[in-house]
Amino acid sequence: MRIIKTLNQLNCGESFTIISLLAEGTLKNRMEILGFLPGEVVAVLIKSRSIVGPMIVSLSGTKIALRAGEASLIRGF
Amino acid sequence: MIDTVAKDFLRKRVALVGMPNCGKTALFNQLTGTRQKIANYAGVTVERKSGECKFSGKIFEILDLPGVYGFSTTSRDEAITKAVCMGDYEGEPPPDCIICVIDATNLQLHLRFVAEVMNLGLPMLIALNMLDLSKKKCISIDYNHLSDLLAVPVIPTVAIRKEGIVDLLNALVLQLTHKTCKSREGSWLRNAVHQKFNDSGNIEHDIANQATEEMIRINDQIRSIIKKCVISSKDSDHIDTIIDAVVLHPIFGSGILVFLLFFMFQAVFSWSQPFTTIIASLVHVIGNFFINFFPPGILKDFLSQVIIAGCGTVLMFLPQILILFLLIYILEESGYLPRAVYLLDGLMMKCGLSGRALIPLLSSFACSIPGIMAARSIPDKKDRLITILVAPLATCAARLPIYTLIIGAFVPDIKIFGFLNLSGIVLFCLYALSIASIAFTSLIFKLCLGQSEASTLLLELPPYRLPRIKDLMISLYNRALIFLRKITGLLVSLTILLWFCVSFPRPPSDAILPAIEYSFAGKIGHFLEPLFLPLGFNRKIVIALIPAIAAREAIISALSTVYAVTSLNQTEVIGQLTCYIKENWTLPTAFSLLVWFVFSPQCLSMLVVIRKEARSTLLASAVAIYLLCLAYFFSFLTYQMATFFK
């Protein structure tokens, strides 16, 4: 049984399948449009060392930069 | 009959839509060449680009809509794009056909956008762009099959090499004659929606969840469509991965970024110098040529000091703006800019600024006018506003003459620790003060305006691409036109007002004081003198500050006028002026004036640009007032402290 995590808890090189988004409103819309949809696999490419710093993920062929705060709204396993 | 058909075609409107980085602009440039018109949509700063395209005797009006990711969020660009497509935008008739430009190398993302566009239910075509890159990546797409599955004509194009343009236009003519495809009807999309309602029976989820479920369903549909018509051998964008590993590396990446920023600053600062000099002397020569036809007197003064000087001021900013925008366009087109934003986001966020404010602020250190213009690339309204508000605090090149003059007169030319020049240190302190005030005021503005909800990073990092010279040149040409058209009118009229203040009333024939002392400016200076006394400014300084409203560097010539320094040689003027102020000013006064220039809003062109960019006279006045308050407060503090400790 795998543990449900949020995207910001993943390390560089790790990946998971999205279950749900905790974001709401405009932010949720923007995330969905970029492809953060349940069922999609997202992999962390680059993560800055500070906890709050931004990270770069790969999502079905697209590279996306997002802040740790935004990443913490994406849940998956 | 044929005639009516021909007339029918006379001016068909075609809208180009697409996600950012899909090569839409390159396609637009290929379709319209230089026959482009750029304006703003009424009431907003979103650019409206349109152009004409002639094809086999027909004229199309092509509209290049802002690049958007979809229509469901509330951003300005998206709202406008949707409204224009639907014909809901005032003064914009609905387009007869939509060309949806998509990137063949990233179909999963771009087909989701196609689904959004199809949902609008308008006649449309798909331009499957960047086919050359997808071939390079070993992705082969059966576009006929894709066209069948989507129920929309798909035309393969390589916009940068003009491939597929004729096919696209042929398909466009076909589409407009037969109006075959009302995209929403009978399409795969509708099926998906129907299926959904059949499945769930009744609506038991809230609307937000429904939207998400719809998205997931469309996403799955797209996945199956891609599976059917795309053969992709393994992923091979390893070159990008290698570049990213270096460019986004915490140490190397930051180093590269700092180098690039330094390079840009240097370029705006020094490359523009020769061009500015050439333009200045050209304006001077041409102006003098015409001036000589007029007899000496008020008319001649007016022409030489207002029309020629005013136009000269506008033209002199042009090289800086063009160089800055050329570099910005190169960074943007190559795909580096979003990466720079990523690298700096953490740092800039601490000051209440978004990472995207970097370029506007950096270029403001050369000149705040291109900097404020560059702020239009910041998508979030509040972030853009804060950037515009703090940009004038950056120490621009025009402040250097007065800094050098005062430092030359008051700071002894001695070395500290044997190698650090004291005047260099003072100059560095002035820059540091400027940076600190930017960080501090932006933080205050952020607190006052509140955290913007839409302020997110969520940035797509596009693949690296080589920018194309033709596209760069077309963008630059348009940028120059916009700048000249926007700025000239207001700036020239304000210059006229200022000239009037400085030159009327004329001095009496037995005048002993310089002419400016008798003018309105002199009287205003007289009147304001008590107000500026706590700052240590004497009447002459206050009077000199008035012409310096036009441009900060004008303070030098204004000071030489009030101190009646008469010499034709510029270096001699500076030398004499240095002696005068050394004798007449105290050290606290000098420091106070330096600090005044760190904050003061004394540049008319800058206020005009803010007025134009923010489309608000109120905001431009607010900027002027808040800068004046800052300048007054800090000069007061400096003068009083310097006098106290003296």
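Convention: sequence-line order gives letters A, B, ...; per-chain numbering from 1. Atoms considered below: every heavy atom in the structure, side chains included; atoms not considered: hydrogens, waters and symmetry mates.
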Query - Option that, when pairs with chain A are counted at under 4.5 Å, heavy atom only, ranks first among B:Arg112, B:Glu460, B:Arg339 - result: B:Arg112

Report summary line: Of B:Asp220, B:Asp244, B:Val341, B:Leu107, the largest count of non-hydrogen pairs under 4.5 angstrom with chain A goes to B:Asp244

Query - Qualifying residue, where the test is salt bridge (Lys or Arg N to Asp or Glu O under 4.0 Å) with B:Arg465 and the options are B:Asp103, B:Asp240, B:Asp132 - result: B:Asp103

Query raised in the report: Which bit of B:Gln108 is near chain A, if near means a heavy-atom gap under 4.5 Å: side chain, backbone, both or neither?
Result: side chain

Requested in this report: Any chance you could measure B:Glu333, atom CD, to B:Leu466, atom CG, to the nearest 0.5 Å?
Outcome: 10.5 Å

Query - Which portion of B:Leu458 sits near chain A, non-hydrogen atoms under 4.5 angstrom - result: both

Report summary line: Most heavy-atom pairs under 4.5 Å with chain B, out of A:Leu21, A:Val57, A:Ile56, A:Ile46, belong to A:Ile56

Report task. Report the distance from atom OG of B:Ser442 to atom CG of B:Leu447, rounding to the nearest 0.5 Å. Result -> 9.5 Å

Query raised in the report: Under a 4.5 Å heavy-atom cut-off, does chain B meet the side chain of A:Met55, its backbone, both or neither?
Result: backbone

Query - Donor-acceptor contact below 3.5 Å, side chain B:Lys24 vs main chain B:Leu65 - result: yes

Query raised in the report: Could you walk me through whether B:Phe113 and B:Val17 pass the side chain to side chain contact (heavy atoms under 4.5 Å, CB included) check?
Result: CA-CA 10 Å; B:Phe113 179 71; B:Val17 296; 4.2 Å; yes

Report task. Before accepting this row, confirm whether a basic side-chain N of the pair B:Lys82/B:Glu116 lies closer than 4.0 Å to the acidic partner's carboxylate O. Result -> no

Query raised in the report: Where on A:Leu34 is there a heavy atom nearer than 4.5 Å to chain B: the side chain, the backbone, both, or neither?
Result: both

